[in-house]
Amino acid sequence: MRTAYTSDQIRAAEAALMATLPEGTLMERAAAGLAAVCARTLGGTAGRVYGTRVVLLVGGGDNGGDALYAGARLAARGARVDAVLAGSRVHSAGLAALRRAGGRVLDGRFERVRALAGAADLVVDGLVGIGGTGALREPYATLARITAGADCPVVAVDVPSGVDADDGRVEGEAVRADVTVAFGALKAGLLVDPGAGYAGRLEPVGIGLEPYLPDAGVAALTAGDVALLLPRPDARSDKYRRGVVGIVAGSRRYTGAAVLCVGGAVRGGAGMVRYAGTAEPVAGVRARWPEAVVTELAPGEGVGGVGRVQAWVLGPGLGTDADAFAVARSVLAGDLPVLVDADGLTLLAEDRSLLRRDAPTLLTPHAGELSRLLGVDRARIEERRLEHVRRAAAELGATVLLKGSTTLVAQEGRPVRVNPTGSPWLATGGTGDVLAGLAGALLAAGLDCYDAASCAAYLHGVAGQDGPLAAGDVAEALPGAVRRVLNGLRHEDGAARLEG
Ligand SMILES: NC(=O)C1=CN([C@@H]2O[C@H](COP(=O)(O)OP(=O)(O)OC[C@H]3O[C@@H](n4cnc5c(N)ncnc54)[C@H](O)[C@@H]3O)[C@@H](O)[C@H]2O)[C@H](O)CC1
Ligand SMILES: [K+]
């Protein structure tokens, strides 16, 4: 599990650790780790450090200090290091160390910096770290823009300057890094888009902060975590033990949503799928998924006669008329876990009392649906995804999976999980229906809402890694995605035991 923290949590841990160490030790450790990553990167591109040209962009705080001390280490190994100071304030001890090592300090005249960056073997972004507030001001903003023109790797110190360390927000200019060297712990903003997109490859550098860090605010699942959570059939398994999921989806206008949702459950490993819907979607599901047990409902009829299930999926393509309300009410009135998606969420936004239930509920909105549920402008949700998914889980008393370029899973009192898989190819109609079916199958298999949502997002992302694709392709790719995750573990498991 990859955990991440807010700046406040890191500063508090830093202060506690610093109290036990001589002044400057943390910066020394940080600079050593940063220099090592820079040397490795140069080794990869220039095959050596000696004689390479390194440009440091240096802000007025400790982020700049880290860059200066790391630059001194690279200069000591024969690199030609030029530091560009972004302002009059600078970490004086770091500056002195660079000068002692033979580094040069240049003023920030932009065209000069542009020329330097254009000819460099490595650019180090030490403008702003966790001390950054708001959009980058000048001249930091222009210096950040100049890095985009560099024809070499850009290494960000701690956080790409211009990215909000706590929630990944980017207002105005920001450095787009190839590598981000994060000291002590990952910052939540490095895992959540847009910040995640600016960070490049993450290189955590330990500085001894771990014992002082509180429970993580944000975490990213790994393949190993998912494989440990996934249910695996064994000799005692039967379809009920593997989990029977009930799906209420589709309507005359949206028959495909039902077909795709059932597909996500069937291909996702459900013990059995009981699909219930009106005439048109029933015909579509019958034709495409012989595996599903199909019940045709009269308009507005409840699910009392559908048969035994262990969890429900409610909503994809269901419509939002009175009949949809009636069937939604009958599903949510039960004491089983229910996943609510798409039109089902619109119904909840119109009548929040439907959410007053003791049994577990998993909501799977995209930003538009969450904006209706919370009454908050969609753009604002996109800007502050972490904040709003947490608020939704608390306010709605449910587990919330917020879909998007980085999907988030929130449940009150637990770290927000960030899904590290997936690709923009998944931004096509119907993929959400497949995700709902898959998550429903995992709920029916006995995973709680938090784990079912996290594992479904992970597997759905693996299945949709390579595009172009249609939603149906994602369903077809699910068995392969599950195998890849489980096999990954099997290999790991064996090795660990052997080594242990
Ligand atoms: N995590 C750790 O344990 C350690 C972290 N270290 C490094 O220290 C920085 C945080 O340093 P701090 O001095 O608090 O702030 P920054 O250097 O990040 O930023 C302050 C600097 O930036 C200017 N500034 C702030 N916002 C803006 C803006 N929007 N536009 C322009 N300029 C801005 C501000 O004026 C200051 O000059 C952390 O990230 C690590 O890199 C320690 O080195 C080791 C321990
Ligand atoms: K930085």
Side-chain angles (χ1 to χ4, degrees), residues 4-35 37-38 55-71 84-95 97 108 123-145 147 154-166 169-190 195 198-200 202-213:
Y5 301 83
T6 64
S7 309
D8 292 348
Q9 289 174 320
I10 289 172
R11 284 201 187 285
E14 193 183 271
L17 175 58
M18 280 214 282
T20 69
L21 296 168
E23 168 82 21
T25 308
L26 284 196
M27 188 169 278
E28 218 173 292
R29 290 178 182 173
L34 174 59
V37 173
C38 290
V55 173
L56 311 175
L57 302 180
V58 180
D62 289 353
N63 197 247
D66 296 335
L68 289 166
Y69 276 115
V84 175
L85 308 188
S88 53
R89 234 164 51 83
V90 66
H91 192 283
S92 51
L95 193 60
V123 171
V124 177
D125 156 32
L127 292 169
V128 177
I130 60 174
T133 50
L136 284 183
R137 299 184 294 275
E138 288 299 351
Y140 288 62
T142 300
L143 290 172
R145 198 168 41 249
T147 63
V154 174
V155 173
V157 179
D158 213 21
V159 181
S161 301
V163 169
D164 184 288
D166 289 350
R169 206 169 353 134
V170 174
E171 294 165 86
E173 291 297 335
V175 169
R176 195 171 284 282
D178 300 279
V179 183
T180 293
V181 180
F183 305 126
L186 292 178
K187 286 73 190 165
L190 299 177
Y198 282 79
L202 298 179
E203 286 269 5
V205 162
I207 56 174
L209 221 49
E210 291 74 8
Y212 301 88
L213 287 167

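Both counts, for ligands and for their atoms, begin at 1 and track the order of listing.
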Can you tell me how far the [atom1] atom of [X] sits from the [atom2] atom of [Y], to the nearest 0.5 Å?
| X | Y | atom1 | atom2 | value |
| --- | --- | --- | --- | --- |
| F183 | I207 | CZ | CD1 | 7.5 Å |
| T142 | L136 | OG1 | CG | 10.0 Å |
| R145 | L143 | CZ | CG | 9.5 Å |
| D8 | D166 | CG | CG | 6.5 Å |
| L209 | L26 | CG | CG | 7.0 Å |

Examine [X] and say whether one of its N/O/S atoms is closer to the K ion (ligand 2) than 3.4 Å.
| X | value |
| --- | --- |
| G132 | no |
| D158 | no |
| V159 | yes |
| G59 | no |

Q) Could you go step by step and tell me if L95 and L85 meet the side-chain contact (heavy atoms from CB on, under 4.5 Å) rule? A) CA-CA 10 Å; L95 193 60; L85 308 188; 4.3 Å; yes
Between ligand 1 and the protein, find all N/O pairs closer than 3.5 Å and give the distance for each.
from, atom 1, to, atom 2, distance (Å)
ligand 1, 1 (N), E14, OE1, 2.8
ligand 1, 3 (O), E14, OE1, 2.6
ligand 1, 13 (O), D62, N, 2.9
ligand 1, 14 (O), R11, NH1, 3.2
ligand 1, 14 (O), R11, NH2, 2.8
ligand 1, 17 (O), D62, N, 3.3
ligand 1, 17 (O), N63, N, 3.0
ligand 1, 18 (O), G129, N, 2.6
ligand 1, 18 (O), I130, N, 3.4
ligand 1, 18 (O), G131, N, 2.9
ligand 1, 26 (N), T133, N, 3.2
ligand 1, 29 (N), T133, O, 2.8
ligand 1, 29 (N), G134, O, 3.4
ligand 1, 29 (N), A135, O, 2.8
ligand 1, 30 (N), R137, N, 2.9
ligand 1, 37 (O), R89, NH2, 3.0
ligand 1, 39 (O), I130, N, 2.9
ligand 1, 39 (O), D158, OD2, 2.6
ligand 1, 41 (O), N63, ND2, 2.9
ligand 1, 41 (O), D66, OD2, 2.6
ligand 1, 43 (O), D66, OD1, 2.4
ligand 1, 43 (O), D66, OD2, 3.0

Q: Quickly, which of L57, T180, D125 forms a side chain to side chain contact (heavy atoms under 4.5 Å, CB included) with V175? Name it, please.
A: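 That would be D125.
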Q. Step by step, would you call V154 with R176 a side-chain contact (heavy atoms from CB on, under 4.5 Å)?
A. CA-CA 8 Å; V154 174; R176 195 171 284 282; over 6 Å; no
Q: Begin with the C-alpha distance, continue with both residues' side-chain angles, and end with the deciding distance and a verdict on side-chain contact (heavy atoms from CB on, under 4.5 Å) for L21 and R29.
A: CA-CA 12 Å; L21 296 168; R29 290 178 182 173; 3.7 Å; yes
Q. Angle at the K ion (ligand 2) between O of V128 and O of D125, to 10°?
A.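 If I round to 10°, I get 150°.
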(Q) For the metal site, I want the angle between atom O of V157 and atom OD1 of N63 with the K ion (ligand 2) at the apex, to 10°. (A)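 Computed angle, vertex at the K ion (ligand 2), rounded to 10 degrees: 80°.
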